[in-house]
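Reviewing the structure listed below.
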Amino acid sequence: MNNKPPASVDTYRLWDVSKNFGDRHALGPVTLEFPGGEKTAIIGPSGAGKTTLLRLIAGEITPSQGTIELRGANLESIDRTRRYREVGFMHQQLDLVPQLSARKNIEAGNSGRWSIFRTIASLILPVADVRSEQIGKFLGLEGHLDERTSRLSGGQQQRVALARLLVQAPALYLADEPASSLDPGLTDIALQTLCGVLLDKETAGSTVIANIHSPELATRHFDRVIGLNRGVVVFDKPANQVTQTDTAYVYDGEDTDSSGTNGTAEPAFNWGRD
Amino acid sequence: MPKRIGVGFGLNTRLAWVVLFALLLFGSLLFVDWRHIPNKNAGSGFGTLLTAFLAPDLSIENLQRVTSAVWITVSYAVTSLFLAALIGLPLGVIASGVVIGRSKPLLPLAIATRAWLGLTRSVHELIWALIFVAVVGLSPVAGIAAIALPYSGIIGRIFAERLQDVPDPLIVSVGTAGANGVQSLLLVRIPSVLPDTISYLFYRLECAIRTASVLSFVGLGGIGFQVHIAMSDLKFDTVATLFYSLLLLILIVDLMSRTVRSRILS
């Protein structure tokens, strides 16, 4: 791993990256490259390190070892105030503000672009952000935009979080189980939107890395599928070459990991302090 | 906050605390002289009061006086609370340190604000009243300042704690979307704590009404002042009317608080 080739300006790369939380080994070492514009699904059992992988790329946690490069630039060298253009992250827990309306949660995706005054105006003036409204309506939230987010169903909240990510419109979309609470029809719409098939103005040229609970959805909607188990890449193939044996193998040993469900066993967020 | 979960006292330490508090409680109970009651006519005094409270003075003249006293108390309480919130909420934001974040140079400002909030609320309203009366004389201004100052300390401290306790993942998520400290305060922290804070301010209004009625004695006028006069004149039926009016007032504020709370929380 010493002969690290120079990073291409159009790829996202993890080089020899591993992550431990205290004594617990969560991920790696892995070396992965994601060419710009590629849509990748990551599958694997609970505790495989899928969430850790996304959090590392988002810069929420720093690797115990190795480097992460976003389009030729070291992740840590990217100015925090400009990072929102590079990478956006939809968490599995959604992290919406329950007391705010769906609309305000979606509009929060504009934070990086908006000044403090624009933010204040958006909160107190009855002016709707056109793009937020378009994306919300496109995801089937019309009629729910002005409802308090805590009153929405799990599936509706998941679409609010996806809409917020689409409003942010970063170059790299990270999504942790973006469609786990949706019915089959909405799942297809959500994943097609994320992968730029629908609403292509937002996502067509973007790179997507998503954790997906179902191998079937992963192979159907994405270009490439990576199988992760116990922090190690088990397979890494174009979606149309993934076989039953691959998926059976990656889920082998499910629940033998003692670290509990996906992501929740990890320590509390510690952004920028570790 | 998640990091507090699972971190408790060890068994021996816990036992030591229980023993300490038990000793404090029993020491206090034994210290109090329960038999020393100087008024030998306590029984008949109780009877007089009971009669008065069963038949309060409801004459038009008295009700007019009570109404005016209630209005004085309410207006001073509302004014005091408004000032306390106006000062306390912004100070709470500074004291919480959530906006300055990792900016080290501004940390002393947060600590100084925390100290100021602590100082103002560690002294009781009555003591502040004595101090302000000494400065400006017997005046409503002294009473209002005496309530507003410690209340701003309490409101600021509670608001600061609530802002700090907003779950980190929510802040991290809007941070990834590009929000800075001020934006995450506006978009996540304040909306998260607003319903609880409004409901808490109603509770504080209730407290302010009680305090304002007591501070009547230092020149505010109002319910407490009228109780004082009526007591001196041994007009217990007037005292009873004032007592019931205060009760009614608190009930109304409580009802308002419940209504607003159910509207904003549901």
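Just so it is clear, the structure is predicted and the values come from calculations on it, not from any experiment. Here is the naming used below: chain letters follow the sequence lines, and residue numbers restart at 1 for every chain.
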Subject >> From CD1 (A:Ile124) to CG (B:Leu186), nearest 0.5 Å >> reply: 9.5 Å

**OP:** Verify the neighbour count for atom OH of B:Tyr244: are there more than 12 heavy atoms of other residues, nucleotides or ligands below 6.0 Å?
**Re:** yes

Original post:
Do the non-hydrogen side-chain atoms of A:Arg164 and B:Val174 ever get within less than 4.5 Å of each other?
Top reply: yes

Original post:
chain B heavy atoms under 4.5 Å from A:Arg82: which part of the residue, side chain, backbone, both or neither?
Top reply: neither

**OP:** Evaluate whether atom OH of B:Tyr200 has more than 12 neighbouring non-hydrogen atoms of other residues, nucleotides or ligands under 6.0 angstrom away.
**Re:** yes

Original post:
Should we count CD of A:Glu76 as having more than 12 external heavy atoms under 6.0 Å?
Top reply: no

Subject >> Minimal non-hydrogen separation, B:Leu187 against A:Ala108, with atom names >> reply: CD1-CB, 4.2 Å

Original post:
Between A:Leu96 and chain B, which part of the residue has a heavy atom less than 4.5 Å away: side chain, backbone, both or neither?
Top reply: backbone

**OP:** For atom CZ of B:Phe82, decide whether the heavy atoms of other residues, nucleotides or ligands shown that lie under 6.0 angstrom number more than 12.
**Re:** no

Subject >> A:Ser111 and B:Gln183 side chains, donor-acceptor separation under 3.5 Å >> reply: no

Subject >> Flag if over 12 foreign heavy atoms under 6.0 Å of CG, A:Asp79 >> reply: yes

Original post:
Measuring from A:Glu60:CD to B:Thr176:OG1, what's the distance to the nearest 0.5 Å?
Top reply: 4.5 Å

**OP:** Compare all side-chain heavy atoms of B:Ile190 with those of A:Leu123 and state whether any distance is below 4.5 angstrom.
**Re:** no

Subject >> Among the listed options B:Pro167, B:Gly178, B:Ser184, the residue most often paired with chain A at heavy-atom distances under 4.5 Å >> reply: B:Gly178

Original post:
Is A:Arg113 atom CZ crowded by more than 12 heavy atoms from other residues, nucleotides or ligands, each under 6.0 Å away?
Top reply: yes

Subject >> Top of A:Asn110, A:Leu100, A:Ile120 for chain B proximity - count of heavy-atom pairs under 4.5 angstrom >> reply: A:Leu100

Subject >> Of A:Leu94, A:Asp95, A:Val97, the residue whose pairing with B:Ser173 passes side chain to side chain contact (heavy atoms under 4.5 Å, CB included) >> reply: A:Asp95

**OP:** For B:Ser192 and A:Gln99, work out which heavy atoms get closest and say how close.
**Re:** O-NE2, 3.1 Å

